[in-house]
Amino acid sequence: MALFKQQSCSSPVDGGERFEDWLLAAGCALITFLLFLPFARIGVDPHHDGVMIKPALDVFHGQTQFRDTFNQYGALPTFFQSLSMYVWGPRIFAIRMCTILFYAITSAFLYLTYRSVIGRRLALLSVAFWIVQSHYFHETYLLPWSSVYALLFQVLTMYCVAKSLRSGRVMTWVFLAGVSAALSALGRTPSGGIVVLSTAVVYCCLALFLRRRSYLANVAVFGCGFVVILGLFWLWLIHAGAFTECWNQLIEFPRSVYIHKVRLEPLLSRIWSALWLTAQVFGFLWACRHWRSERHRGAIVVGSLSLVTFIIGTCVWRWEFGVYGWPFTIALFALFAFSLSAKKLVQKGYNREDTLVLSLSVAGLVSFIQLYHSPGPATYFWTEVLAVGAALYFIHNFGGARWNLTLFTLALFLAPTLVLKGRTVWRVLRTERLQFQGASPLEGMRETDDRFHHLQGILDVINQYQQSFGDRAVVVEGRDALYAG
C-alpha cells in the first residue's frame with residue numbers, strides 16, 4: 001500500500017481562486033480579527049509598546065523616519081502605525097488595532113496560499129491550527145511588533161510563488177514575489193532576508209529535483225522585483241537625507257548589539273518535547289492506519305503506547321509539553337512532507353501537487369532560522385506560519401487521507417494546549433483592570449491595579465516636568481521608549 005494517496009487540490013486549471021475561496025478568506029480574516037480584538041486594550045508593555053509607538057508618534061507629528069527619530073525595526077510598520085493614528089488617535093490602542101488588522105489580512109492570504117497548495121478543507125484546518133498556536137492565548141500583551149507586518153508579506157511571497165507554479169503568467173508572479181519579499185524586508189530586516197533565502201532555496205530545489213534550469217531564471221526575476229522596491233526605498237532615503245541613519249539603525253545597531261546573543265539553550269531544551277510529541281502522533285496515526293490489517297496486533301500495541309506515553313508526558317511536563325512541543329513537531333512533519341515530495345519528484349518527474357508541497361515545506365522550514373536570536377512563544381507563532389500547512393498535509397495523508405482520523409488526531413493531541421490556553425484566556429479576560437484616561441499614549445488601555453498606579457505615577461512625573469519646563473524632550477536612558485512618547 002502506498003504511503004500517500006495522491007490528493008487533488010480541486011482548484012481551477014489556471015490556479016485562480018473561485019468566489020467562494022475569497023469568501024472563506026474573508027471569513028478567516030474576520031474570525032482572526034474577532035479573536036484577537038479582546039486583547040487590544042489589555043496590558044501595557046513599556047518596552048515593546050514603547051519601541052513601536054515612539055517612531056510612529058514622531059512620524060504622525062510630521063517627522064521623518066531614521067533622520068528625526070530612531071527606528072531599528074523597519075520603515076513599513078512605522079508608516080502603517082502612524083496612519084492608524086489618524087483613525088484611532090495617537091495612542092497605543094491605535095497601533096494595536098493596526099496590528100490586529102494585519103493579522104486578519106495575513107489569515108486571509110494564508111488561507112489562499114494553503115488553498116493553492118493543499119486544497120480547501122486542509123487549508124481551512126491549517127489556518128485554524130495556526131491561529132490556535134497564537135501566543136496571545138497564553139500571554140497577556142498583544143505585541144504590535146514589526147514581525148507581524150513582515151509576516152503578511154512573507155505569506156504574500158509564498159502566495160505569489162504558488163501562483164507562479166500554477167498559472168501561465170509565471171514571470172509576473174515571480175516578479176511580484178520579489179516585490180513582496182522586499183516589503184517584508186522593509187517590515188523587518190532579518191525577516192526579509194529569510195524570505196529571500198527561502199524563495200531562492202525553493203526555486204533551486206525545484207531546479208535540482210526536476211532537472212529544469214528554467215527555475216534558476218525565476219531566481220533572477222525574483223531578484224529584480226526585490227531590487228526595484230529596495231532601490232525606490234533607497235532613493236527616498238537619499239532624498240530625505242536619512243540613508244546613513246537608516247543604515248546605522250537597521251544594520252549597524254542590531255549587528256553590534258544582537259549578533260553575538262544567539263540563544264540556543266531554549267531551543268535545545270524544547271527539542272525533546274517535540275521529538276516526544278512527534279513520536280506519539282506518528283505512532284497513533286500508524287496504529288490507526290494498520291489496526292484492520294494483518295499488523296493489527298502491532299497496531300494495538302503501538303497505539304496504546306502512544307496514548308499512554310502522551311498522557312504521561314502531558315502530566316509531567318504540562319505547560320512546556322503542551323505549548324512548546326508543537327512548533328518543532330510542526331517543523332519535523334514539514335520535513336517529512338519535504339522528503340517525500342522530493343523523493344517522488346526525483347523518481348517520477350514533475351507533478352504539480354508534489355511541486356507545490358515541496359515549495360511550501362521548504363519555505364516553512366527555512367523560516368525557522370528566525371529562532372536563532374529570540375526563541376519564544378511569539379517567535380514560534382510567527383515562524384511556523386507556512387510550515388503548518390505542509391505538516392498537516394503530511395499528517396492527513398499519512399493517516400490514509402481520512403478526515404475523521406485527521407480531525408480526531410489533531411483534537412486529541414492538541415487537547416492539553418487548548419485547555420492550558422483556554423484557562424489562561426479566561427483568567428486574563430476576567431481580571432479586573434483600571435482604564436487610563438486623559439490625553440496620553442496610554443489612553444484607553446487597561447491594566448491591573450498595581451501596574452496602573454505604577455505607570456500613572458510615571459506619567460504624572462513626566463507631565464509635571466513638561467508643565468514646569470515647557471514642551472521639552474524627555475530623554476529615556478533605559479530600554480522603555482514609551483516614556484519618551
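We use all heavy atoms of the structure for the numbers below, so side chains are in, but hydrogens, waters and symmetry mates are not.
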For this session: Could you go through the side-chain contact (heavy atoms from CB on, under 4.5 Å) check for L356 and Y393 one step at a time?
Result: CA-CA 11 Å; L356 289 165; Y393 174 87; over 6 Å; no

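- No more than 12 heavy-atom neighbours from other residues, nucleotides or ligands sit within 6.0 angstrom of CD on E432.
- The line from OG of S184 to CG of L156 is 9.5 Å long, rounded to the nearest 0.5 Å.
- A donor-acceptor contact shorter than 3.5 Å is absent between the side chain of S367 and the backbone of A363.
- The shortest distance between side-chain heavy atoms of T199 and V219 does not fall below 4.5 Å.
- From L459, atom CG reaches atom CG of L455 across 7.0 Å, with rounding to the nearest 0.5 Å.
- Taking the side chain as every heavy atom from C-beta outward, R120 and Y111 approach each other to under 4.5 Å.
- Using the six-membered ring where Trp is involved, F66 and F233 have ring planes that are perpendicular, over 60° apart on the 30 and 60° scheme.
- Ring centers of F60 and Y86: under 6.0 Å apart, within the cut-off.
- Under the 30°/60° scheme for interplanar angles, the aromatic rings of W88 and F93 are found to stand perpendicular.
- Using modelled atom types, one side-chain atom of R96 and one backbone atom of I42 make a donor-acceptor pair closer than 3.5 Å.
- The main-chain N or O of S147 is never found under 3.5 Å from a side-chain atom of S191 such that the two would form a donor-acceptor pair.
- Side-chain atoms of S198 and V362, non-hydrogen and from C-beta on, never get closer than 4.5 Å to each other.
- With W326 as reference, F129 is the one residue of F129, F333, F413, Y380 to meet the ring pair (Phe, Tyr, Trp, His ring centres under 6.0 Å) rule.
- Counting only heavy atoms from C-beta outward, the side chains of Y103 and T99 approach each other to under 4.5 Å.
- Residues W247 and L237 fail the side-chain proximity criterion, which asks for heavy atoms closer than 4.5 Å.
- Using a 3.5 Å distance cut-off with no hydrogens or angles, the side chains of E384 and W130 do not pair a donor with an acceptor.
- Contact record, A181 with T157: N-OG1, 3.3 Å, taken as the closest heavy-atom pair.
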Exercise. What's the verdict on side-chain contact (heavy atoms from CB on, under 4.5 Å) for V179 and V228, showing C-alpha distance, side-chain angles and the deciding distance?
Worked result: CA-CA 7 Å; V179 170; V228 166; 5.8 Å; no

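- In this structure, the side chains of M97 and L101 stay at 4.5 Å or more apart for every pair of heavy atoms.
- If you take CZ on F109 and CG on L152, they are separated by 7.5 Å, rounding to the nearest 0.5 Å.
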Problem set entry | Check against side-chain contact (heavy atoms from CB on, under 4.5 Å), L110 and C28 | CA-CA 9 Å; L110 184 61; C28 291; over 6 Å; no

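- Side-chain atoms of S82 come within 3.5 Å of backbone N or O of F79 as a donor-acceptor pair.
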For this session: Tell me, with the steps shown, if Q280 and L412 meet side-chain contact (heavy atoms from CB on, under 4.5 Å).
Result: CA-CA 11 Å; Q280 311 322 312; L412 174 65; over 6 Å; no

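- With sequence neighbours excluded, the residues satisfying side-chain hydrogen bond (donor to acceptor under 3.5 Å, both in side chains) with N71 are Q65, T78.
- The CD atom of Q72 lies 9.0 Å from the CD atom of Q249; values are rounded to the nearest 0.5 Å.
- Between the side chains of Q464 and D460, no donor-acceptor pair is found at a separation under 3.5 Å.
- In this structure, R67 contributes its side chain and A240 its backbone to a donor-acceptor pair below 3.5 Å.
- Separation of atoms OG (S164) and CG (L176) is listed at 10.0 Å; rounding is to 0.5 Å.
- Across every non-hydrogen atom of S306 and A279, the tightest pair is OG-O, 4.4 Å.
- Ring orientation note: the planes of W382 and H135 are nearly perpendicular, at an angle over 60° on the 30°/60° scale.
- Between the side chain of H239 and the backbone N or O of L235 there is no donor-acceptor pair closer than 3.5 Å.
- Proximity of a side-chain donor or acceptor of S361 to a complementary backbone N or O of L335 within less than 3.5 Å is not detected.
- Note: L125 CG to L407 CG = 6.0 Å, rounded to the nearest 0.5 Å.
- By the 4.5 Å heavy-atom criterion applied to side chains, Y203 and V221 are not counted as neighbours.
- Of the options Q81, R188, Q154, a side-chain hydrogen bond (donor to acceptor under 3.5 Å, both in side chains) to Y149 is made by Q81 and by none of the others.
- Considering only heavy atoms from C-beta on, L112 comes within 4.5 Å of W22 through its side chain.
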